[in-house]
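Structure first, commentary second.
Nothing fancy with the numbering, it's 1 onward along the sequence.
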Amino acid sequence: MHDKTALIVGAGVGGLAAAWWLRKHGWQPIVLEKNPQIRTDGYMLGLSGPGYTVAGEMGLMPELRKKHRPIHENVYYGRDGRELWRAKYQELLGHQDWITLSRTDLVHTLRQALPQDLDLRFNTSVTAIEEDESGITATLSDGTICRAALLIGADGARSSIRRLHFGPDSTFIRALGYRFAAFQLKDTLGLGHDFLSFAEPGRLTEFYTLSEGRLATLYAWKSDDRGYVAPEDRLSTLRKAYCDAHENALHFIDSLTDISTLYFDNLELVEMPRWSSGRIVLLGDAAHCLTLISGQGAGMAITSAKILAEELSERSVPEALAGHETRLRPAIEKLQSRSRKIAPLFIPSTNRAFAIRNFVMRRAPKKLLGWYLSRSFKAEALSATAVLRSDPL
């Protein structure tokens with residue numbers, strides 16, 4: 001066994017970023033992905049704060065800027081189709097460094113930054129784990145045995161590595177009471193660089209224009225249901241949730257014919273007392289899913305990968321995993337606290353709460369609202385950026 005072999009489960013943002021940073025520090029990564037190829041579903045995301053900084057350190061920004069979808073103006077509508085509010089996007093962001101792109105574009109850019117001969121194995125997962133003082137022995141789904149000094153679970157909020165080694169999902173997943181779906185279609189709205197949002201009690205629908213005549217959608221709704229929904233049932237579940245929604249929201253649901261492109265999930269946090277045990281560590285959503293409310297999920301996964309590699313370059317594996325958590329946890333806890341606080345504001349669930357929010361958006365001075373939202377975005381980025389100010393212990 002190579003004493004710097006790392007077995008990484010998951011070829012998403014966190015897994016590929018971990019492979020990049022570990023290679024930089026002299027490790028040999030082996031990346032497993034349970035799907036037959038890199039996933040192409042997902043939603044739009046913003047990269048700012050430490051994620052933006054670390055992506056720059058990785059040399060990704062020239063390619064990411066090509067895929068950046070600038071948003072000039074946010075336009076919000078109520079359920080009656082009346083405009084509630086509009087604002088210049090960069091003013092809301094406080095003119096901080098920020099790029100908006102699809103998760104797919106970020107993942108493919110990370111893959112391109114890695115060598116083509118990367119040991120990346122599709123249709124492969126871990127079925128059993130044994131650990132001793134010197135390393136990990138993993139049994140893979142194809143029957144092979146893999147020996148490594150470190151095992152990284154970067155396989156999402158419903159991590160199989162977390163279930164195998166730390167415990168069932170019910171122990172760590174905290175539902176916020178919402179579901180969401182995202183998909184892409186041919187652009188028939190012609191929004192250009194604007195961002196369109198339809199708000200209703202208990203529901204929020206958003207539209208962005210992508211390149212090459214494509215439209216990105218995001219549907220989010222209040223729901224007490226939290227169980228697994230099979231892929232073949234997801235479109236009907238979405239239709240049921242939006243059965244009496246605004247006609248624009250219904251139109252695009254009815255236009256979706258390829259359900260394989262539909263991304264569907266619950267809005268949930270992953271809360272764990274520890275992200276590592278022995279030589280096994282969880283990374284990104286597997287360790288601390290932040291949800292799309294707080295932002296910073298992709299950025300913190302990239303940042304976490306860098307911090308982990310830095311710690312591993314100076315310490316033994318168990319000490320490095322502890323140091324990684326010490327540096328990262330304060331920022332993660334602040335961002336998760338933010339998610340819990342703003343979830344009720346994200347989609348007001350009652351007619352009264354919705355009416356109050358609409359009244360404020362219509363009547364409050366735009367400068368005051370802009371200042372409040374800009375302050376919120378900055379607080380989010382500053383909470384995350386703090387991890388880059390700490391030197392490895």
Do NZ/NE/NH1/NH2 and the carboxylate oxygens of [X] and [Y] come within less than 4.0 Å?
| X | Y | value |
| --- | --- | --- |
| Asp155 | Lys34 | no |
| Lys306 | Glu57 | yes |
| Arg327 | Glu311 | yes |

I need the [X] [atom1] to [Y] [atom2] distance, nearest 0.5 Å.
| X | Y | atom1 | atom2 | result |
| --- | --- | --- | --- | --- |
| Asp105 | Thr109 | CG | OG1 | 6.0 Å |
| Leu238 | Lys240 | CG | NZ | 12.5 Å |
| Thr5 | Gln28 | OG1 | CD | 4.5 Å |
| Leu22 | Ile8 | CG | CD1 | 5.0 Å |
| Ile280 | Leu7 | CD1 | CG | 10.0 Å |
| His288 | Leu335 | NE2 | CG | 9.5 Å |

Legend entry - Given Tyr219, Phe264, Phe252, the one that forms ring-ring contact (aromatic ring centres under 6.0 Å, His included) with Phe183: Tyr219
Legend entry - Stepwise side-chain contact (heavy atoms from CB on, under 4.5 Å) check, Thr100 with His68: CA-CA 5 Å; Thr100 304; His68 169 50; 4.3 Å; yes
Would you tabulate the side-chain donor-acceptor contacts of residues 59-66 under 3.5 Å, counting partners in other chains and residues two or more places apart, or write 'none'?
unit_1: Arg65; atom_1: NH2; unit_2: Tyr52; atom_2: OH; d: 3.3

Inset, instruction - Write out all pairs satisfying side chain to side chain donor-acceptor pair (under 3.5 Å) with one or both partners inside residues 222-239, taking only residues at least two apart or from two chains. - result: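 Residue pairs with at least one partner in residues 222-239: Arg239-Asp254.
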Inset, instruction - Give a yes-or-no answer on whether the side chains of Arg147 and Ser134 include a donor-acceptor pair shorter than 3.5 Å. - result: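 Arg147 vs Ser134: donor-acceptor pair found between side chains.
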